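In this text, all values refer to a predicted model and were calculated from it rather than measured experimentally.
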Amino acid sequence: MKRMHSVTYFKVFSILVTVGVVFSFGGLYPLQHRVMGQSGWTAPESAKAVKNPVKADAASLAKGQELYRANCATCHGNKGEGDGPMAKRLKVKPASIKSAIKGQTDGELFWKISEGKPPMPPFKSSLKEADRWAIVNYIRSL
């Protein structure tokens, strides 16, 4: 009987530790964003000076819109308000692009699109450089 009692305590203890660890790690990411906020996402100084080599003409804007709708609108919304269909499922709400881009250079925006920041994925491996620049041009037009 004594052995059964200690096994039960061990199981309960194990379950409590497991639940504690899961909640601790699951809570770190949202806490980081509550502390840093959306404005805490800063591109490195080297990115600020990078100039956009893709002219913001009709072709670039059309390409940027197509790529934005395929890769960004799900979270950021069609008009960049942070209200896409996936936005309500995320713990960290997507930024309103319209307000987030104010005061940022094209180089900073390109860096952020390229590198991502969870839950936003990095696009440097999945989109060509010219395509990422086209997205920068498009979001400037929103």
Side-chain angles (χ1 to χ4, degrees), residues 3-142:
R3 186 166 195 264
M4 177 80 137
H5 201 62
S6 63
V7 169
T8 302
Y9 281 124
F10 179 75
K11 285 181 180 178
V12 170
F13 177 75
S14 297
I15 291 170
L16 289 174
V17 168
T18 302
V19 169
V21 168
V22 168
F23 279 110
S24 293
F25 285 111
L28 288 178
Y29 181 75
L31 178 61
Q32 172 192 3
H33 282 275
R34 283 194 300 270
V35 173
M36 290 177 60
Q38 289 290 350
S39 62
W41 190 16
T42 306
E45 286 296 319
S46 59
K48 292 180 181 183
V50 176
K51 301 295 181 200
N52 188 340
V54 177
K55 186 177 177 182
D57 57 16
S60 168
L61 293 173
K63 181 69 172 179
Q65 181 180 34
E66 174 189 330
L67 291 163
Y68 176 87
R69 288 194 174 156
N71 295 284
C72 313
T74 304
C75 295
H76 290 285
N78 285 332
K79 295 182 180 181
E81 297 292 343
D83 60 351
M86 287 296 295
K88 57 186 149 214
R89 296 183 185 167
L90 299 171
K91 286 183 182 179
V92 177
K93 299 301 176 203
S96 165
I97 290 176
K98 289 179 179 182
S99 61
I101 66 173
K102 291 179 182 170
Q104 294 191 47
T105 68
D106 284 358
E108 289 174 287
L109 298 175
F110 178 82
W111 182 87
K112 289 180 177 185
I113 292 166
S114 299
E115 298 300 321
K117 179 180 178 183
M120 181 178 147
F123 289 99
K124 65 183 169 192
S125 298
S126 59
L127 294 176
K128 296 175 190 172
E129 185 175 322
D131 290 343
R132 286 177 276 147
W133 283 116
I135 292 172
V136 170
N137 288 340
Y138 175 71
I139 63 175
R140 288 274 186 218
S141 74
L142 290 174

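A distance of 15.5 Å separates CH2 in Trp111 from CG in Asp106, rounded to the nearest 0.5 Å. Between Asn71 atom CG and Ser126 atom OG the span is 6.0 Å, to the nearest 0.5 Å. For the atom pair CD1 of Ile97 and CG of Leu109, the computed distance is 9.0 Å after rounding to the nearest 0.5 Å. In this structure, CG on Leu61 lies 14.0 Å from OH on Tyr68, to the nearest 0.5 angstrom.
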Please set out all donor-acceptor pairs under 3.5 angstrom arising from side-chain atoms of residues 76-87, sequence neighbours excluded.
from, atom 1, to, atom 2, distance (Å)
His76, ND1, Ala95, O, 3.0
Glu81, OE2, Lys98, NZ, 3.0

Counting only pairs under 3.5 Å, give me each side-chain donor-acceptor contact of residues 128-138, with atom names and distances, residues two or more places apart or in other chains.
from, atom 1, to, atom 2, distance (Å)
Arg132, NE, Leu127, O, 3.1
Arg132, NH1, Ser114, OG, 2.6
Asn137, OD1, Asn52, ND2, 2.7
Asn137, ND2, Val54, O, 3.0
Asn137, ND2, Ser60, OG, 2.8

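Put simply, the side chain of Trp41 reaches to within 4.5 Å of the side chain of Met120, judged on heavy atoms. With a 4.5 Å cut-off on side-chain heavy atoms, Lys117 and Lys112 do not count as touching. Side chains of Ile101 and Arg140 form a contact here, defined as non-hydrogen atoms less than 4.5 Å apart.
Shown here for Lys93 and Lys88, the closest heavy-atom pair between the two residues is NZ-O, 3.3 Å.
The stretch residues 89-108 participates, sequence neighbours left out, in no ring-ring contact (aromatic ring centres under 6.0 Å, His included) pair at all.
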